[in-house]
Amino acid sequence: MIGVRDGALLAALIVAPLAQAQRFGGRDVPVWSHGPRTVDVVHLALDVRVDLEARAVSGTSVLTVVPLAEADTVRIDAVDMKIEAVRTGPAGDPERRATVEWEYDGRRLDVPLGDGPTDVEVRYHAVPKTGLHFVSADPAYPGIGPEAWTQGEPEESRFWHPTHDYPDDRFTTELVAQVPRQLSVISNGSLLSDTTDGELRRVHYTMRERHPSYLVSLVVAPLERFPLAHARVPLAVWAAAGSGGDVEANFGATARMLDFLEGYTGLPYPYPRYDQVLATDFMWSGMENITASTLTRDALLGPLRRGEESSEGLVLHELAHQWFGNLVTCRGWRHLWLNEGFASYFETLWLEHTKGRAEADLDRLGGAEWYFSASGDRGLDEARFEHPDDLFDAHSYAKGAAVLHMLRLEVGDDAFRRGVQRYLAAHQDGLVESADLRRAVETTSGRDLTRFFEEWVETPGHPSVAVEWRWDAAKSEVVLKLDPGGSGRSNSWQLRLPVSIGPDKEVVVEVGSGASTHRLPASEPPRFVAVDPRGDWLVELSEEPSTQELMARLETSREPVTRVRATLALSGRELAPGERDNAADVLARLAGAAGEPDLVRTRAAEALGALGGAAAVTSLRKLAQNASPKVRAAAYGGLAVALARPDVADAPELPNRAAVRTWLKNAVRDERSPGARAAVVAASSELASKAAHMEVCLDALRAPPTEGSHAVALAGLDCLEAEGSPAALEATLKALAWGTPHAVREKAVGRAARLAQGNPKRVDTVRAAIEPLLQDPKRTVVLAAIAAIGSLGDKRSAPALAALEPWVYASRDLELALRRAQEALGVRQKRHRPAKASTDDRLESLEQRIEHLERGR
């Protein structure tokens with residue numbers, strides 16, 4: 001789940017709501033489990049009717065089960081459903097199914113079993129709180145809906161159909177769906193039939209390869225199928241009609257990715273087809289539903305946005321999951337990193353394959369930055385957690401990928417690749433845990449990897465190393481001192497760290513649990529020494545290089561990771577004017593160099609802004625004319641920082657501030673790339689008068705989306721917050737209105753709350769505007785409203801928050817947001833669970849059973 005776009009670092013933005021306030025590992029946190037399996041599920045057959053207007057689903061679920069250990073009952077996951085009837089009978093013989101008694105507590109359905117393989121048929125009706133999501137057509141949002149799509153991972157399939165909803169069982173599936181005839185239906189496996197009867201369409205899919213319940217998918221939407229060419233595997237993208245050109249531009253590499261994955265894994269693509277389905281308002285970037293990944297509609301980038309973003313990482317991530325997660329599935333959520341770590345690392349391997357090692361190194365750097373900023377005290381293989389959603393974090397993705405890369409370094413490319421192939425071949429169509437990967441790579445490498453897995457998979461945290469070095473002229477040696485520490489519960493990592501001695505020499509040093517000194521021969525004093533120059537190891541480095549050394553890294557290091565780290569270190573320094581101008585010159589050349597990777601160029605532009613001064617401002621204005629929209633956006637962002645510094649008065653072009661203001665205002669009008677234009681808005685506000693500033697803000701807020709991007713309008717909200725006036729608050733509150741793009745509404749909620757901070761009158765106004773949004777149809781807006789009410793700190797909102805308690809249990813991020821908001825208001829959250837079936841429901845069910853028996857006489 002949660003594929004990322006344009007590098008692993010962006011995943012931080014996607015899963016941020018789940019990356020806070022969780023608890024792991026302590027004895028007060030229970031081991032998460034589904035309970036003992038009493039049956040082996042062999043097959044799941046769904047026959048459902050989807051009512052998009054009522055946002056409901058009804059039909060039958062038939063589970064074919066084989067009892068285990070003389071079990072006489074099967075427990076089925078089914079949340080908040082109306083159970084209308086339950087019948088059981090010998091497997092494969094519908095005529096012999098008979099009505100049975102059953103027990104239902106609102107969460108689980110207990111059904112008695114006979115001997116041998118049994119079909120359990122459940123007739124039900126549900127209005128799902130999650131699992132099956134609906135997008136309604138609305139005149140305020142033309143071109144949207146009606147639509148419905150599922151999201152089963154981790155344990156949300158149980159909200160829309162009765163099932164065994166845990167990854168420890170794999171079974172075949174089939175799905176029959178009845179929907180309005182004008183809508184397409186996409187599900188897993190092979191299409192058996194697609195017929196219409198009056199206003200209804202009936203579509204039947206079957207999935208003959210086994211898989212866990214969370215991969216069952218159903219998308220109902222007005223979509224067109226766009227085929228992609230491949231020699232063996234049918235490939236297609238489902239998107240809005242007329243999207244063919246953008247489909248090819250964004251998804252055309254799918255066939256080459258599939259070939260790459262087949263070659264690396266040693267296993268052919270294991271399923272009959274592979275579709276990518278673009279869903280409106282999809283809650284994540286992507287989900288690897290077997291044979292039919294669901295992706296956000298935003299993955300279909302137009303030509304302007306493709307200059308700033310890429311969907312390639314997302315496409316590769318979800319495709320890699322067809323092997324890692326679908327063909328081979330983690331036995332329980334504690335082993336989730338085996339799914340997400342592999343899918344994330346294959347994004348990096350694809351970059352290495354197509355663009356070279358430098359781009360792969362920078363991709364890993366992005367993942368490491370995300371992990372270091374969000375890491376908590378848990379191991380990769382963590383059994384104790386509050387909810388499986390909490391594991392979809394920087395550990396499972398970024399650390400998981402980093403551990404696989406370090407394992408590759410530890411045993412070598414060939415042994416690692418053969419180990420991955422052995423792991424997949426041995427466990428295909430099966431369940432895995434971390435030890436299975438360890439044993440596979442031990443077999444191909446001949447190495448005992450017990451300690452490696454103890455350190456990097458089982459032990460929480462990561463190592464940190466303090467770095468100091470000096471030149472010993474008498475012995476022509478670099479004297480390098482490394483002092484390790486660590487985050488988490490251990491300090492015992494054993495490291496073999498590469499060290500660059502200038503641009504042309506590299507050695508490897510070993511670091512244990514204590515401080516060590518290494519004497520490294522060198523023919524002359526090096527201009528720099530860089531530990532772990534490519535960022536191969538998940539190690540936080542603490543060092544204080546001189547400005548001269550940082551400049552040398554920028555100018556002479558061959559490693560882009562080393563250059564990026566130097567830009568970050570420089571951006572935090574206050575330099576003397578002459579030294580600052582020299583640094584600005586080096587950074588400007590780096591940012592303007594067409595041969596440099598984008599990340600190096602954009603980080604250099606950002607560092608220029610942090611340096612400030614006349615030379616930086618001059619260079620940033622030139623960079624703002626660059627052909628690359630990413631560089632232009634970074635240049636404008638750098639200008640926003642540089643122009644806010646008190647020393648801008650010495651910049652030669654600034655005495656005529658009106659001319660600069662005009663130049664920036666023209667850039668707001670003329671810049672076509674949405675990200676770059678949004679950055680111009682931020683920069684222009686630093687020089688504008690109050691009236692001009694407000695005009696820029698409002699123009700940006702009113703800007704129509706560019707190829708689906710709302711970046712400019714969102715920048716307008718930031719601009720209004722900086723302006724801070726009553727008129728700015730009024731405009732922000734107007735942006736909450738239904739009909740405004742939901743991404744803008746969501747951000748406006750938070751910005752309105754911030755504009756009210758410390759002003760009781762404003763708090764009253766904003767609270768009155770935000771509280772109704774707790775019932776908004778858009779989940780992301782509800783999340784923003786909960787957080788905003790918590791930040792306002794007004795206890796009068798406590799009843800409005802309490803009204804959410806009975807239903808937020810169905811959504812982990814809503815539950816966490818509500819918990820944090822109520823803690824901020826000083827009130828306690830009650831713990832709600834689905835209600836048991838009502839007496840009326842049970843009576844109705846009994847009446848239906850009697851009617852069924854009478855009909856059968």
Side-chain angles (χ1 to χ4, degrees), residues 17-18 20-23 30 32 51 54-58 76-84 103-109 124-134 136 148 150-152 154-163 165 283 386-390 746 749 767 770-790 792 794-845:
L18 303 180
Q20 309 168 37
Q22 293 82 354
R23 296 180 301 135
W32 186 276
D51 188 334
R55 305 171 81 88
V57 59
S58 58
I76 299 171
D77 299 305
V79 181
D80 282 344
M81 295 181 185
K82 181 179 181 181
I83 306 299
E84 298 174 341
E103 293 293 330
Y104 182 55
D105 65 0
R107 291 184 296 162
R108 292 187 176 94
L109 175 68
Y124 72 99
H125 175 82
V127 182
K129 290 184 173 68
T130 190
L132 177 60
H133 302 260
F134 295 88
S136 299
T150 60
Q151 170 56 39
E155 298 179 3
E156 297 178 9
S157 291
R158 63 185 70 187
F159 286 86
W160 74 276
H161 65 90
T163 187
D165 201 16
M283 59 201 306
E386 288 188 340
H387 191 281
D389 264 341
D390 300 346
E746 175 189 347
V749 172
R767 183 177 65 84
I770 290 177
E771 276 191 13
L773 299 180
L774 294 174
Q775 307 300 324
D776 198 83
K778 291 300 172 184
R779 175 176 162 276
T780 54
V781 175
V782 175
L783 271 170
I786 294 171
I789 285 173
L792 289 174
D794 191 328
K795 288 192 175 183
R796 290 175 294 176
S797 293
L801 291 178
L804 298 177
E805 290 176 349
W807 58 273
V808 296
Y809 70 85
S811 178
R812 176 59 169 169
D813 50 0
L814 286 171
E815 183 180 35
L816 285 176
L818 183 61
R819 181 195 303 178
R820 288 192 289 267
Q822 290 181 317
E823 288 173 352
L825 269 56
V827 296
R828 296 186 64 181
Q829 182 186 75
K830 296 178 182 177
R831 196 158 183 84
H832 285 261
R833 284 293 177 258
K836 292 185 178 182
S838 69
T839 302
D840 288 345
D841 286 344
R842 296 305 304 271
L843 287 173
E844 183 178 346
S845 177

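All figures in this text were calculated on a predicted structure; none of them were measured in a lab.
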Checklist entry - Are R779 and T130 close enough, and set up right, to give a side chain to side chain donor-acceptor pair (under 3.5 Å), and what steps lead you there? => result CA-CA 10 Å; R779 175 176 162 276; T130 190; over 6 Å; no
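Side-chain contact between K129 and V808 is absent, with no heavy-atom pair separated by less than 4.5 Å. E156 places a side-chain heavy atom less than 4.5 Å from the side chain of Q151. No side-chain heavy atom of S157 sits under 4.5 Å from any side-chain heavy atom of T150. Between W807 and D80, the closest side-chain pair of non-hydrogen atoms is not below 4.5 Å. Side-chain contact between S797 and L792 is absent, with no heavy-atom pair separated by less than 4.5 Å. Residues L818 and E805 meet the side-chain proximity criterion, which asks for heavy atoms closer than 4.5 Å.
Ion pairing between a basic and an acidic side chain is recognised when a charged N comes within 4.0 Å of a carboxylate O; R820 and E823 show no such pairing. Between D794 and R796 there is a salt bridge, since a side-chain N of the basic residue sits under 4.0 Å from a carboxylate O of the acidic one. Between R107 and D77, no side-chain nitrogen of the basic residue sits less than 4.0 Å from a carboxylate oxygen of the acidic one, so the salt-bridge criterion is not met. Under a 4.0 Å N-O distance rule, the pair R158/D165 qualifies as a salt bridge. Taking a cutoff of 4.0 Å between a charged side-chain nitrogen and a carboxylate oxygen, E815 and R819 do not qualify as a salt bridge.
Residue T163 comes nearest to I76 through the heavy atom pair N-CG2, 3.4 Å, listed as atom of the first residue, atom of the second, then distance. The shortest non-hydrogen separation linking F134 to R55 is O-NH2, 3.0 Å.
Remark: Y124 OH to E84 CD distance equals 10.0 Å, nearest 0.5 Å.
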